[in-house]
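Below is one structure, written out as structure tokens; comments come after it.
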Amino acid sequence: MKEINQKETGTLYIVATPIGNLEDITLRAIKILKEVDLIAAEDTRHTLKLLNHLEIAKPLISYHRHNEDIKTDILVKELKQGKQIALVSDAGTPGICDPGEEVIKRCIEEEITVIPIPGPCAFVNALICSGLDTNEFSFMGFLPLNKKNRKEKLEEIRNTTKTIILYEAPHKLETTLKDLKEVIDDRKIVLARELTKIHEEYIRTDMETLIEKAKELKGEMVLIIEGAKKEEDDTLTQLSLEEHYTYYEKKGMSKKEIIKQIAKDRNVNKNEIYQKFIKSS
Ligand code: SAM
């Protein structure tokens, strides 16, 4: 039976593709790729290799970060004319640290149906085998390179009790780990490397040990970091305001950061905390 029913307006299928092992593609994904009129790909040469492996011949159009605007217009126009389109990225799920978001948003605005075809995604698989808490997690993608944004993100990592998931390139790993160590020293960390490939590896360790190994670690990698301890937050709110302040002062935080953090821990307005410290100083 055919998967796609021809309608007046086409559908955009978001198709997940392998993150290494070419066998990690669903039967439904193959069916969709065979039935669509057009495949929009992050890198057409890369996708061609997958299509050749699957013995699928289809027209390809490039859709990557640098042409998202123009190509979104073209894809929307084709969909409105009734074309069925599949969107794929180089590996894994489109839209997850990969192009896709823009055309998906536009299709929703234009009332064009968007359907996901589930499959591989590096962070989900890294997380489930990390051995860390999978109940609540925060996927942050790549850490920002801009100094201010990076500092803010690192602060967020310091404060969240959720498991944190980051993507990183091997040549930036050591710097990233050192930056992370500044905000979190004593948490478990897992590096999941080369998932689904020959050299697949999980390193379940601590920050110090991972920094020592960082230079020799190659390939594609995901970092999974244990969240901040929950009990700490509860205990902190039992402290007097002065004790609470001293707790963060000992961690080397600035007055501004401490006031912001105390307000967050106690769920009060930061001006309230600020006023108290101004009056008492
Ligand atoms: N869309 C992809 C997904 O669904 O996971 C992510 C694309 S993002 C541009 C590429 C990053 O994903 C890599 O730098 C790495 O952090 C992670 N990644 C992709 N494939 C991986 C693999 N086989 N093993 C570990 N990490 C991988």
Side-chain angles (χ1 to χ4, degrees), residues 12-26 28-29 32-33 39-47 49-50 53 62-68 71 86-105 114-132 134 137-145 150 153-154 157 163-177 179-180 189-205 210 213-225:
L12 179 69
Y13 295 89
I14 312 301
V15 182
T17 57
I19 53 169
N21 189 324
L22 287 183
E23 295 192 356
D24 290 330
I25 183 146
T26 68
R28 189 161 169 239
I32 292 288
L33 293 175
I39 299 174
E42 185 182 4
D43 179 341
T44 51
R45 283 166 307 174
H46 188 96
T47 298
K49 285 184 202 152
L50 176 71
H53 172 79
S62 79
Y63 179 87
H64 52 73
R65 289 234 182 277
H66 309 293
N67 68 10
E68 256 182 295
K71 291 297 166 86
L87 173 72
V88 298
S89 63
D90 284 356
T93 303
I96 302 294
C97 289
D98 266 346
E101 208 179 315
E102 194 149 320
V103 67
I104 292 168
K105 282 184 181 159
V114 182
I115 293 183
I117 307 297
C121 180
F123 88 78
V124 175
N125 293 287
L127 173 68
I128 56 169
C129 287
S130 67
L132 299 182
T134 58
F137 58 86
S138 180
F139 172 65
M140 297 186 177
F142 293 92
L143 272 186
L145 295 177
R150 192 172 174 97
K153 199 48 89 180
L154 287 165
I157 293 175
T163 303
I164 300 127
I165 310 164
L166 295 173
Y167 281 168
E168 195 45 287
H171 64 281
K172 294 190 190 140
L173 178 65
E174 195 180 2
T175 311
T176 291
L177 291 175
D179 286 352
L180 283 166
I189 181 160
V190 179
L191 183 136
R193 200 172 72 82
E194 294 287 88
L195 296 174
T196 79
K197 304 184 198 174
I198 299 168
H199 299 291
E200 177 160 358
E201 181 184 25
Y202 283 87
I203 305 172
R204 301 177 177 89
T205 183
L210 199 54
K213 277 176 171 272
K215 276 199 177 70
E216 67 205 46
L217 296 172
K218 304 272 179 279
E220 298 200 277
M221 51 188 65
V222 184
L223 288 170
I224 326 277
I225 304 154

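All heavy atoms count here, side chains included; hydrogens, waters and symmetry mates do not. Whatever order the structure lists ligands and atoms in, that order sets their numbers, starting from 1. Owing to the predicted nature of the structure, the values given are computational and were not obtained by experimental measurement.
Nearest to atom 4 (O) of ligand 1 among the protein's heavy atoms is Thr93 N, 2.8 Å. Nearest protein heavy-atom neighbour of atom 9 (C) of ligand 1: Cys97 O, 3.1 Å. At the top of the distance list for atom 18 (N) of ligand 1, counting protein heavy atoms only, stands Ala122 CB, 3.5 Å. The protein non-hydrogen atom at the shortest distance from atom 10 (C) of ligand 1 is Phe142 CZ, 4.2 Å. The protein non-hydrogen atom at the shortest distance from atom 25 (C) of ligand 1 is Glu220 O, 3.3 Å. The protein non-hydrogen atom at the shortest distance from atom 2 (C) of ligand 1 is Ala91 O, 3.3 Å. The protein heavy atom nearest to atom 16 (O) of ligand 1 is Met221 O, 2.6 Å. Looking only at protein heavy atoms, the nearest one to atom 7 (C) of ligand 1 is Asp98 OD2, 3.4 Å.
Lys215 pairs by the salt bridge (charged side-chain N to carboxylate O under 4.0 Å, His left out) definition with Glu174, not counting sequence neighbours. Partners of Arg204 by salt bridge (charged side-chain N to carboxylate O under 4.0 Å, His left out), not counting sequence neighbours: none found.
Considering backbone and side-chain N/O atoms, Ala169 never comes within less than 3.5 Å of an N/O atom of ligand 1. Close N/O approach between Tyr167 and ligand 1 is found [any backbone or side-chain N/O within under 3.5 Å].
In terms of modelled atom types and a separation under 3.5 Å, the side chain of Asp24 and the main chain of Gly20 share no donor-acceptor contact. Looking at Asn125, its side chain never comes within 3.5 Å of a backbone N or O of Ala122 through a donor-acceptor pair. Formation of a donor-acceptor pair under 3.5 Å by the Thr93 side chain with backbone atoms of Pro120 is found in this model.
Applying the 4.0 Å criterion to heavy atoms of Val222 picks out, from ligand 1, the atoms 25 (C), 26 (N). Of all atoms in ligand 1, listed by their number and element, those nearer than 4.0 Å to a heavy atom of Lys197 are 23 (N). Distances below 4.0 Å separate heavy atoms of Cys121 from the following atoms of ligand 1: 4 (O), 5 (O).
Inspection of the Asn21 and Thr196 side chains reveals no N or O donor paired with an N or O acceptor under 3.5 Å. Side chains of Tyr63 and Glu42: a donor-acceptor N/O pair is absent below 3.5 angstrom, by distance only. Between the side chains of Arg45 and Ser62, no donor-acceptor pair is found at a separation under 3.5 Å.
At a 4.0 Å cut-off, not a single heavy atom of Gly20 sits close enough to ligand 1 to count as contact. In this structure, Thr196 falls outside the shell of residues with a heavy atom less than 4.0 angstrom from ligand 1.
For Glu220 and Lys197, the salt-bridge test passes: some basic side-chain N is under 4.0 Å from an acidic carboxylate O.
Comparing Asn125, Leu166, Val88, Ile96 by heavy-atom distance to atom 6 (C) of ligand 1, the nearest is Ile96.
Ring geometry, Phe123 versus Phe139: the interplanar angle falls under 30°, so the pair is classed parallel (tilted spans 30 to 60°).
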